[in-house]
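The figures here come from the full heavy-atom set of this structure, side chains too, leaving out hydrogens, waters and symmetry mates. Just so it is clear: chains get the letters A, B, ... in the order the sequence lines come, proteins before strands, and each one is counted from 1.
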Protein chains: 2
Amino acid sequence: MTVTVENPLLTALSETLPPGSVLTGEAELDLHTRDSAPFSEAGRPAAVVCPDTVEQVQHVIRTARAYGVPVVPQGARTGLAGAANAVDGCVVLSMVRMNRVLEIDTANRLVRCEPGVVTADLAAAVAERGLCYPPDPASWETCTIGGNIATGAGGLCCVKYGVTADYVLGLTVVLADGEVLRVGRRTVKGVAGYDLTRLFVGSEGTLGVIVEATLALRPPQPPAVALLAQFPSASDAGDAVAAIIREGHIPSALELMDRTTTEAVAALGHPLLAGHAAATLIVASDAPDAAEQVRAMAALCRSAKALSVSAAADERESKEVLEARRMVLPALGARAAALSGDVTAFIEDVAVPRAALATLIDRIELIADEYDLYISTVGHAGDGNLHPTVIFDRSDPDAVRRAKEAYDAIMAAGLELGGTITGEHGVGVLKRDWLARELPPRNLRLQRDVKRLLDPEGLLNPGKVLA
Amino acid sequence: MTVTVENPLLTALSETLPPGSVLTGEAELDLHTRDSAPFSEAGRPAAVVCPDTVEQVQHVIRTARAYGVPVVPQGARTGLAGAANAVDGCVVLSMVRMNRVLEIDTANRLVRCEPGVVTADLAAAVAERGLCYPPDPASWETCTIGGNIATGAGGLCCVKYGVTADYVLGLTVVLADGEVLRVGRRTVKGVAGYDLTRLFVGSEGTLGVIVEATLALRPPQPPAVALLAQFPSASDAGDAVAAIIREGHIPSALELMDRTTTEAVAALGHPLLAGHAAATLIVASDAPDAAEQVRAMAALCRSAKALSVSAAADERESKEVLEARRMVLPALGARAAALSGDVTAFIEDVAVPRAALATLIDRIELIADEYDLYISTVGHAGDGNLHPTVIFDRSDPDAVRRAKEAYDAIMAAGLELGGTITGEHGVGVLKRDWLARELPPRNLRLQRDVKRLLDPEGLLNPGKVLA
């Protein structure tokens with residue numbers, strides 16, 4: 001590859017880094033311009049640098065700083081908030097080559113790895129040693145651990161197993177001044193000093209660049225037993241969720257599809273799923289008494305006026321039930337393919353206290369009507385975390401306007417119901433203005449103070465999290 | 001009560017606060033000088049103020065700041081690191097009157113409360129509503145939630161249910177400038193902005209004063225089935241712990257007593273406990289298949305060369321097994337009572353990666369021999385968290401010297417084994433010099449920067465966490 005050196009920064013980077021580390025080709029720059037969030041502001045990088053070592057990361061950050069150039073860290077760019085979007089003239093720091101699993105410590109149930117490891121690869125590596133890394137964001141087959149940590153990613157299993165943040169024991173971070181910071185520990189418990197580890201989780205590369213992580217692991221998850229229940233209204237499904245929680249069940253998944261999503265999946269064809277229901281719940285248990293738990297939760301669904309309840313009798317039937325949830329993305333893809341124009345899916349992420357779930361679903365249906373939009377909502381019902389997805393033609397300016405307004409209306413509804421503008425996708429550029437509406441002024445001021453403390457020159461992923 | 005006004009600060013405080021809020025009597029000042037950590041540096045407060053509202057807390061902090069006087073927050077003073085110790089001339093801010101449970105939200109499984117609520121009272125209040133607040137520090141019957149959060153307290157249940165930090169969803173904090181800061185959320189998940197909540201957990205009142213907490217709750221814990229196993233060596237007990245973890249069991253308690261503790265409990269008399277064993281494990285399960293899990297864990301103990309294994313057959317027998325763990329404090333009390341002089345117990349807290357547990361126990365035995373001390377070690381074996389307790393005559397200067405040296409030697413051993421100087425008791429004044437030995441210089445610098453950011457004048461609990 002020929003590196004076209006256009007400015008002294010690129011010369012400085014290229015002279016020191018191994019050949020092939022600094023990419024400046026148009027195609028590479030295009031590719032690394034943005035993550036997977038539509039509508040999000042993005043600039044054009046001056047170069048993409050792919051470091052292979054911590055020292056190279058330090059070199060890139062120090063060099064960029066010397067030239068006053070921003071640095072934007074990227075993983076697999078599967079994020080949905082624009083947190084990995086380039087800014088004009090920046091150096092994109094792509095962490096994907098630092099993808100080694102450094103250590104699997106089975107006795108202490110932990111793994112140490114570089115940030116570029118793909119989540120599924122990490123899960124497979126620890127599974128080979130008889131352990132489990134539970135967090136399972138939807139993009140887990142392609143996203144990276146560094147991105148998961150930087151965005152505070154969630155997933156389906158959170159209702160029982162928690163979010164990415166809950167697994168981060170320690171981090172190595174390269175700071176804005178190029179120095180290496182180690183935070184956290186290798187022990188299960190520890191309270192030595194302020195918890196700086198959590199400060200970096202979810203900070204979207206704005207406080208430092210994660211170059212190594214120590215993550216807690218769990219014993220393997222037993223196979224899950226699942227049930228599928230369909231309801232005449234979102235409110236009835238909400239009642240079933242409330243009853244499951246109230247009775248003390250801790251399902252390993254508790255997923256909800258609204259009317260639109262149910263129709264879309266039914267259109268693809270699933271033996272257990274009728275298209276006419278207003279809401280579908282998919283519930284799984286991997287407890288030692290899973291079959292019994294599922295029977296009890298099925299009874300609670302029936303009491304909540306379920307139109308139908310299919311409780312799996314064995315592992316094969318459970319897989320069939322869970323397949324309905326996996327069909328959501330293909331079903332929305334089919335829906336999009338049937339439309340004309342430049343069809344785009346805009347995936348939202350809002351979380352409310354569990355009890356407000358049904359109200360939020362009803363509000364989203366009203367918003368879809370009001371803005372004349374196709375909005376399919378799926379969600380991690382057990383966590384009160386919904387993902388309304390707007391599918392629309394982005395070549396139609398009016399559809400774009402309506403999609404953006406609907407998006408704002410959904411976030412406003414989430415906040416009004418005591419929720420948050422983001423349950424697991426992060427703030428990025430997409431929601432930074434909304435952050436100021438969610439957080440009280442004093443909190444926001446402290447957020448800014450923390451940013452200034454760690455990145456006084458504002459060169460680390462500028463414009464993300466905070467406007 | 002007559003308030004003796006000695007200085008303008010006290011006048012300012014007394015004039016504004018309700019009668020009875022400002023205490024300056026000698027007995028009150030004595031009582032509020034220190035927490036439960038022996039050997040820890042403590043000064044004499046100018047006054048003890050017991051606010052009843054957030055506004056009163058703000059008033060106290062603003063008034064103290066106007067006079068340049070430090071403020072030291074206190075809960076029930078059960079802490080073991082001197083984090084609540086007064087400094088000379090300070091205002092002690094005793095939070096015990098702010099002890100209301102403000103809201104129990106069963107649908108969303110959370111509780112909102114003031115910091116002065118006693119942990120056991122909170123647990124009882126939520127239990128009445130069919131919910132559970134699991135964290136169970138040893139002092140749970142007298143300690144306060146605010147203190148638990150400020151110290152990052154742990155307990156016996158952590159091996160399955162996590163530490164206090166894992167339950168803190170949101171906090172209201174009065175900052176050094178008297179402003180009110182709200183951090184966190186009411187939703188299960190949320191990634192809106194930097195995680196400031198965790199920054200305050202474990203910060204020992206040095207960054208702000210917690211005036212309200214929103215805590216996650218769980219379904220009630222089923223009754224536990226327990227087993228007691230005794231071993232010919234700490235290493236064999238360590239092997240049993242390792243096997244239990246390796247086989248993927250998640251016990252609800254996994255406690256270890258060393259040789260000295262076993263002898264002390266046996267001396268009080270317990271039907272299942274022989275005094276001659278080098279180590280005793282007490283293991284419990286509250287899983288749906290608890291009896292089966294306990295049988296499997298009992299078999300693992302036998303394979304690890306246990307001298308004896310008593311697996312409970314029912315709830316009554318389980319209570320008998322768990323009683324052995326509860327007898328540790330009375331047994332050490334009996335031991336102390338049998339000695340002459342001003343006998344004191346010095347409870348240490350060190351955590352190592354689980355695999356290093358047996359090595360640490362052996363090292364502590366060697367340290368006890370080397371310094372000619374009585375050291376009884378109990379610990380949360382599942383978390384690698386040990387509490388060696390030195391019992392000695394504090395009127396004997398040589399015993400004091402040896403106890404202090406042994407304490408240092410134990411922390412050095414913990415660090416050498418890849419551990420931390422504190423698993424759950426915190427840093428306080430007792431371990432602030434050791435914090436600098438555990439944390440890398442860049443981390444320590446950032447710790448100081450965070451303190452300076454939130455308390456630029458250094459008036460909030462000065463000298464704690466950081467020297």
_For the backbone of B/P353 and the side chain of A/R186, can you confirm whether one donor and one acceptor N or O come within less than 3.5 Å of each other?_
no
*Between A/N108, A/T420, A/V188, which shows the greatest number of heavy-atom pairs under 4.5 Å with chain B?*
A/N108
*In terms of heavy-atom proximity below 4.5 Å to chain B, should A/A242 be classed as side chain, backbone, both, or neither?*
neither
_Short side-chain to backbone donor-acceptor contact, B/D289 and A/P288, under 3.5 Å_ = no
_Between B/N385 and chain A, with a heavy-atom cut-off of 4.5 Å, which part of the residue counts as in contact: side chain, backbone, both or neither?_
side chain
*asked:* Let's test your reading of the structure: which of B/V352, B/V183, B/L181, B/L439 forms the most heavy-atom pairs below 4.5 Å with chain A?
replied: B/L181
*Do the side chain of B/R182 and the main chain of A/P440 share a donor and acceptor less than 3.5 angstrom apart?*
no
*Measure distances from A/K431 to the heavy atoms of chain B and classify the residue's part below 4.5 Å as side chain, backbone, both or neither.*
neither
_So for B/L131, is it side chain, backbone, both, or neither that comes closer than 4.5 Å to the heavy atoms of chain A?_
neither
_Residue A/H380 versus chain B: region with a heavy atom under 4.5 Å_ = side chain
*asked:* Is A/E179 close to chain B through its backbone or its side chain, or both, or neither, when contacts mean heavy atoms under 4.5 Å?
replied: side chain
*Would you say A/L446 and B/L454 make side-chain contact, with heavy atoms under 4.5 Å?*
yes
*Give the member of A/V427, A/V465, A/I245 that has the highest number of heavy-atom pairs under 4.5 Å with chain B.*
A/I245
_Part of B/I421 within contact of chain A (heavy atom distance under 4.5 Å)_ = side chain
_Are the side chains of B/V201 and A/D195 in contact, using a 4.5 Å heavy-atom criterion?_
no
*Against chain B, label A/V180 side chain, backbone, both or neither, depending on which of its atoms sit under 4.5 Å from a heavy atom there.*
backbone
*Heavy-atom closest contact (A/Y194 atom, B/Q447 atom, distance)*: N-OE1, 2.7 Å
*Name the region of A/R218, side chain, backbone, both or neither, that has any atom closer than 4.5 Å to a heavy atom of chain B.*
side chain
_Toward chain A, the part of B/T197 with a non-hydrogen atom under 4.5 Å_ = neither
*Is chain B contacted by the side chain of A/R452, its backbone, both, or neither, given a heavy-atom distance below 4.5 Å?*
neither
_Portion of B/L207 that has a non-hydrogen atom of chain A nearer than 4.5 angstrom_ = side chain
*Counting only heavy atoms closer than 4.5 Å, note whether A/L435 contacts chain B via side chain, backbone, both or neither.*
side chain
*Part of B/L466 lying under 4.5 Å from any heavy atom of chain A*: side chain
*Proximity breakdown for B/E438 and chain A, heavy-atom pairs closer than 4.5 Å*: side chain
*Is A/D349 salt-bridged to B/K189, cutoff N-O under 4.0 Å?*
no
